[in-house]
Amino acid sequence: MSSYQVRKTPGDTAWFRAARFGMFIHWGLYALPARHEWVKNYEKTPEEEYDRYFRYFDPDLYDAREWARMAKAAGMKYAVFTTKHHEGFCMFDSQYTDYKCTNTPAGRDLVREYVDAFRAEGLRVGFYYSLIDWHHPQFPIDVIHPRRDDPDAFEQNQGRDMKVYAQYMRDQVRELLTNYGKIDILWFDWSYPDQHGGPGKEWMRGKGRNEWESDKLIALARELQPGIIIDNRADMEQDLWTPEQYQVSSWVRHKETGELVTWEACQTFSGSWGYHRDESTWKSPEMLIRMLVNTVSCGGNLLMNVGPTARGEFDSRAQNALKVFEKWMHFNSRSIYNCTMAEPDILPSLPPDCRFTQSEDGKRLYIHLFAYPFGHLLLKGMAGRVAYAQFLHDGSEIRMTEGKVDHFSEGAAKGDDLLVLNLPVVKPDMLVPVIELFLK
Ligand code: GLC
């Protein structure tokens, strides 16, 4: 068994850590402008102008079953879907607003279709819910609000009542966690209690747990869905730590206690969460696989984002990126599911340009080759510890020797505790080849 103790939290995180790989879905009205889900903030778009997206939102090609099949094929075990993003538009049939998909040409409850389809494929289901709301008339204007630079922003802000908005969120979370069956993850986004508008604009205060009334919101969620996993972004520590758009190099720890925590990296295929037609920093296939591997090698999950188009499809770039995972996971998922950071006594053996993962039961060690070495892989400290070695993708034996590479070995290529794996000269046809070691 893995010797790592992970900090205990109220949610049921065991399935989550075993799953390791999920799909984030950012879908909303911002798919129409197709230039970032923050477009309303970036362009300070007036309400009347943004309304055009509401009038023309018609995702006629949306087939949630197709999405679910693609997620599953890519090896993803769960998904998190934006039920409402910062723009405030609801992708579900809420009784507390008219600003919802059922009132657009879409005319259907898009969340319902997502839930049904993903569950039918055997995937766990999560909801993203934005705490920030750039449409709700009671949401006080602040530094990231689209109206922040209006000359009459101060006047517009008068009479806005955060308490009314906080109640609105509770009402909607109640709907989301009551009307759609079992929900596995609730992903609140996000808090900025310390930000304000600077000199003269101090009244543009950021928002955190006091404004959101996070304690009530979370208590409600836990009452409605015991066991649900909740992230930390409501400015209250819960089950899930969420490093965004960067790769960690060691297991994320609790700030005060130093304990290991349950964490999930979220990443995009390109530089935007929502569908972005003209953004072109799409990650290479190799980088995608490395991000997944690196994440699991540090004991975390990867939540990989797709931004569907306004018509309700994953565009060809997104589909190709998913296929990269599909192809690699077909052969190598054993080094991902139910795997975690290698044991502390094994970690020092890590060869250059590699990542380890180890099965939760401790019996198998996986070496991921980020750069393919010539001829031999040297594992210092591993002599006598491995019963059998093979490539994971084809189950072909990797012959082992101990003590030295050969008669001419010198320096690091020699030593009583040295395990030598003899590799073919030609790199197997695998973006990141994986070696599976059966430990004694
Ligand atoms: C950020 C962004 C948001 C995105 C999220 C995903 O908080 O505000 O657009 O949804 O990250 O993690």
Side-chain angles (χ1 to χ4, degrees), residues 16 21-45 50 53 76 78-92 110-111 114 126-136 139 142-146 148 169 172 176 185-195 206-209 211-212 214 229-236 238-248 252 261-277 279 281 283 291-292 295 300-308 318 321:
F16 180 81
F21 190 28
M23 175 182 276
F24 217 169
I25 303 173
H26 273 70
W27 198 33
L29 293 183
Y30 43 82
L32 281 80
R35 46 183 192 272
H36 206 278
E37 78 283 355
W38 274 57
V39 61
K40 194 174 184 184
N41 159 297
Y42 292 164
E43 300 180 11
K44 304 174 196 169
T45 319
Y50 206 81
Y53 308 130
M76 292 153 164
Y78 62 97
V80 178
F81 180 99
T82 49
T83 59
K84 177 189 90 162
H85 203 262
H86 308 340
E87 64 180 0
F89 178 72
C90 295
M91 301 290 276
F92 61 106
L110 306 170
V111 166
Y114 151 73
F127 286 160
Y128 169 108
Y129 183 84
S130 175
L131 302 163
I132 298 164
D133 194 313
W134 296 329
H135 175 81
H136 199 285
F139 187 92
D142 57 34
V143 268
I144 57 168
H145 195 281
R148 64 194 175 280
M169 289 201 289
Q172 290 204 320
L176 286 168
I185 303 171
L186 184 56
W187 227 95
F188 289 122
D189 198 33
W190 49 279
S191 304
Y192 45 113
D194 301 329
Q195 292 187 31
K207 297 171 178 67
R209 74 188 79 160
E211 288 75 20
W212 312 131
S214 300
I229 296 173
I230 304 179
D231 71 342
N232 279 355
R233 292 193 180 185
D235 191 23
M236 262 182 76
Q238 294 298 312
D239 305 300
L240 195 57
W241 276 249
T242 59
E244 173 174 330
Q245 298 283 41
Y246 72 92
Q247 286 287 294
V248 309
V252 179
V261 298
T262 300
W263 67 275
E264 178 190 59
C266 48
Q267 295 273 1
T268 49
F269 286 148
S270 75
S272 169
W273 299 90
Y275 177 65
H276 197 313
R277 185 188 56 206
E279 216 283 337
T281 61
K283 294 174 182 70
M291 288 194 316
L292 174 61
T295 299
N301 284 33
L302 179 65
L303 187 62
M304 198 71 228
N305 181 72
V306 180

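Start at 1 and go down the list; that is how both ligands and their atoms are numbered. Just so it is clear, the structure is predicted and the values come from calculations on it, not from any experiment.
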Approximate separation, where rounding is to 0.5 Å, of W190 CH2 and I132 CD1: 5.0 Å
Walk me through it: do H135 and Y50 pass the test side-chain contact (heavy atoms from CB on, under 4.5 Å)? CA-CA 10 Å; H135 175 81; Y50 206 81; over 6 Å; no
Ligand-side contact atoms (ligand 1) for residue partner H85, heavy atom cut-off under 4.0 Å: 3 (C), 4 (C), 9 (O), 10 (O)
Ligand 1 atoms nearer than 4.0 angstrom to some heavy atom of C266 are 12 (O)
Would you mind finding which of Y192, W38, W273 brings a heavy atom closest to atom 2 (C) of ligand 1? W38
Side chain to side chain contact (heavy atoms under 4.5 Å, CB included) test vs Y128 passes for just one of F24, F188, W27, F81, namely F24
Within-4.5 Å side-chain heavy-atom neighbours: F21 and T295: no
As an exercise, identify every atom of ligand 1 less than 4.0 angstrom from a heavy atom of E37. 3 (C), 9 (O)
Using a 4.0 Å cut-off to any heavy atom of W190, which atoms of ligand 1 qualify? 7 (O), 8 (O)
The residue among W273, W38, Y129, Y42 that forms ring pair (Phe, Tyr, Trp, His ring centres under 6.0 Å) with H86 is W38
Under 3.5 Å, N or O to N or O, is W187 touching ligand 1 that way? no
Closer than 4.0 Å to some heavy atom of Y128 - which atoms of ligand 1 meet that? 10 (O)
